[in-house]
Number of protein chains: 2
Amino acid sequence: MSKPIPDIVIGRLPIYLRELSFLADEGVPVTSSHELGKRLGISAAQIRKDLSHFGEFGKQGTGYKVSYLQEQLRRILKVDHEWPVALVGVGDLGRALAHYAGFVNRGFRIVALFDDDPNKIGQRIGDLEISSTDRLAAVVQERGIIVAMIAVPAASAPRVAEACLAAGIRAILNYAPITLKVPEGVLVQYIDPVTHLQRMTHYL
Amino acid sequence: MSKPIPDIVIGRLPIYLRELSFLADEGVPVTSSHELGKRLGISAAQIRKDLSHFGEFGKQGTGYKVSYLQEQLRRILKVDHEWPVALVGVGDLGRALAHYAGFVNRGFRIVALFDDDPNKIGQRIGDLEISSTDRLAAVVQERGIIVAMIAVPAASAPRVAEACLAAGIRAILNYAPITLKVPEGVLVQYIDPVTHLQRMTHYL
DNA sequence: TAGATTGTTAATCGATTAACAATC
DNA sequence: TAGATTGTTAATCGATTAACAATC
């Protein structure tokens, strides 16, 4: 029985993967825990330790082949294929997310848009038409979507989250500035710019 | 000599403060570490321990007066006044941030917009006019701004961050999907939706 | 070979939890 | 008073770092 992988380790892998993409873009074929650590502000020992939870990806004396380590991290994070994502809430932020080109190369594609506002329903953003939130369960189930982004006002977020859960969504990226109540096994990540700002001001 | 406050504790205080606002909105005058913990999915012991770093804010047998604990957390986080914030990058995301009404009640106000695009310079968003990024240092210094949000493409972010540092910015909320190099003493928080999504997919 | 870097172990460091005296 | 909850201590748990044998 293998030891469980700490959450905090999983949390760093996307950062490693992102930096490896930059190295690849720069044409660097091989890197080391020291180089990666220096670029990310993380200790080399930590990077090696983190990776060692999943296997042996480097060569002594040489380091890590960038393309191979990318492949392995994509596999571990399960972004070696594209996840279809539902976006609920097409206000200013939702629109910005819908237009954002940075999802596709990194394992995600927004494939469905939902909003409650009757004036928005039927509007198109790029290839996608905005549907009523009432249609969430039907669309999500039909298309096999299990990842959702919530970009609705705080007041609507608990109801929208419930709808997502009922529809079978298992991972939520929540932009509403509230803590969601979800059952065991459902994953939630939070993005609230104000809490991020407030984490810094104490030190100023 | 008092023990230093762990960063991780500071990181939780904004969440406590946010939840206290909801309790206040609900008209709850007094809460407890258990109630707060239950709502946030955090242990009561941890909340008490976190708060104990800063003083004694509760009453045995009773709990914490919501309004008083809010005041204290605002003071500790230094959001008992409003920080003027510079926003650099007025693309889709920057526009969404510029329109977002949620900053003001929580200690922040965007007071200056910057972009490199000559077509955008001079345009207005609400009360604010978009200035050339060349004017960053002048405006930031004139208005005493030390907090900035960066919402430019990844390729522009290092240069923009340098400009912020040169202008005297000391805390950066970075939406560009790259790790910034900043000197000791400058604070950075990162928001990259893709890394947040990638933290969840491993478990799916 | 000589130099470099991995993967891993053990030591250190820090954070969380459990328990409880104090006390409202 | 009886019940409840804090603030704090000590124990537990987990994460990070340092060091180094293995080896490319």
Side-chain angles (χ1 to χ4, degrees), chain A residues 1-16 19-20 23 28-73 75-76 179 199 202-203, chain B residues 1-16 19-20 23 28-73 76 199 202-203:
Chain A
M1 185 133 154
S2 60
K3 289 156 257 159
I5 313 289
D7 275 6
I8 198 163
V9 171
I10 300 293
R12 281 190 293 261
L13 300 186
I15 306 297
Y16 299 166
E19 201 63 32
L20 287 167
L23 286 164
V28 177
V30 174
T31 188
S32 67
S33 58
H34 287 89
E35 182 177 37
L36 210 44
K38 192 167 176 209
R39 292 175 68 126
L40 295 172
I42 289 178
S43 80
Q46 181 160 82
I47 290 173
R48 293 201 303 280
K49 186 101 218 285
D50 284 353
L51 297 177
S52 75
H53 286 99
F54 305 95
E56 308 192 355
F57 305 128
K59 269 206 183 76
Q60 283 102 325
T62 309
Y64 302 90
K65 188 175 165 195
V66 170
S67 60
Y68 179 70
L69 190 52
Q70 281 183 295
E71 267 175 42
Q72 293 303 311
L73 289 179
R75 178 183 55 74
I76 293 163
T179 300
R199 268 173 215 182
H202 167 78
Y203 299 99
Chain B
M1 185 132 150
S2 63
K3 291 157 256 159
I5 314 290
D7 274 6
I8 198 163
V9 171
I10 299 293
R12 281 190 291 263
L13 300 187
I15 306 297
Y16 300 165
E19 201 63 33
L20 287 167
L23 286 164
V28 177
V30 174
T31 188
S32 67
S33 57
H34 287 90
E35 181 177 37
L36 210 44
K38 192 166 176 211
R39 292 174 69 125
L40 294 173
I42 289 177
S43 80
Q46 180 159 84
I47 290 173
R48 293 201 303 280
K49 187 100 217 286
D50 284 353
L51 296 177
S52 75
H53 286 98
F54 305 96
E56 308 193 353
F57 306 128
K59 268 209 185 74
Q60 282 103 324
T62 308
Y64 301 90
K65 188 174 165 195
V66 170
S67 60
Y68 179 70
L69 190 52
Q70 281 184 294
E71 265 174 44
Q72 294 303 311
L73 290 179
I76 293 163
R199 266 173 217 182
H202 168 77
Y203 299 99

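Atom CD in Q46(B) sits 5.0 Å away from atom OH in Y16(B) (nearest 0.5 Å). With rounding to the nearest 0.5 Å, the separation of CD1 in I15(A) from CG in L36(A) is 11.0 Å. Considering NZ of K65(B) and CG of L20(B), their distance stands at 13.0 Å, rounded to 0.5 Å. Rounding to the nearest 0.5 Å places OG of S43(B) at 8.5 Å from NE2 of H34(B). We find the CG-CD1 distance between L13(B) and I8(B) to be 11.5 Å, quoted to the nearest 0.5 Å.
Contact of the I5(A) side chain with the F54(A) side chain is registered, since non-hydrogen atoms from C-beta on lie closer than 4.5 Å. The shortest distance between side-chain heavy atoms of R39(B) and T179(A) does not fall below 4.5 Å.
Spacing between atom CG of D50(B) and atom P of dA15(C) amounts to 10 Å, rounded to whole angstrom units. Rounded to whole angstrom, the span from the NE2 atom of H53(B) across to the C1' atom of dT16(C) amounts to 11 Å. Between Q46(B) atom CD and dA15(C) atom C1' there is a gap of 8 Å when expressed in whole angstrom units.
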Next item on the list: Quick one, give me the B/S/- string for nucleotides 1-13 of chain C, reading 5' to 3', where B means a protein heavy atom under 4.0 Å from the base and S means that only happens at the primed atoms, P, OP1 or OP2.
Entry: ---BBBBBB----
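H202(B) contributes a side-chain N or O that, together with a main-chain N or O of I76(A), makes up a donor-acceptor pair within less than 3.5 Å.
Residue R12(A) places at least one side-chain N or O closer than 4.0 Å to OP1 or OP2 of dT16(D).
With a cut-off of 3.5 Å on both pairing distances, the Watson-Crick and G-U wobble pairs of DNA chain C assemble into stems of 3 or more at C:3-24 with D:3-24.
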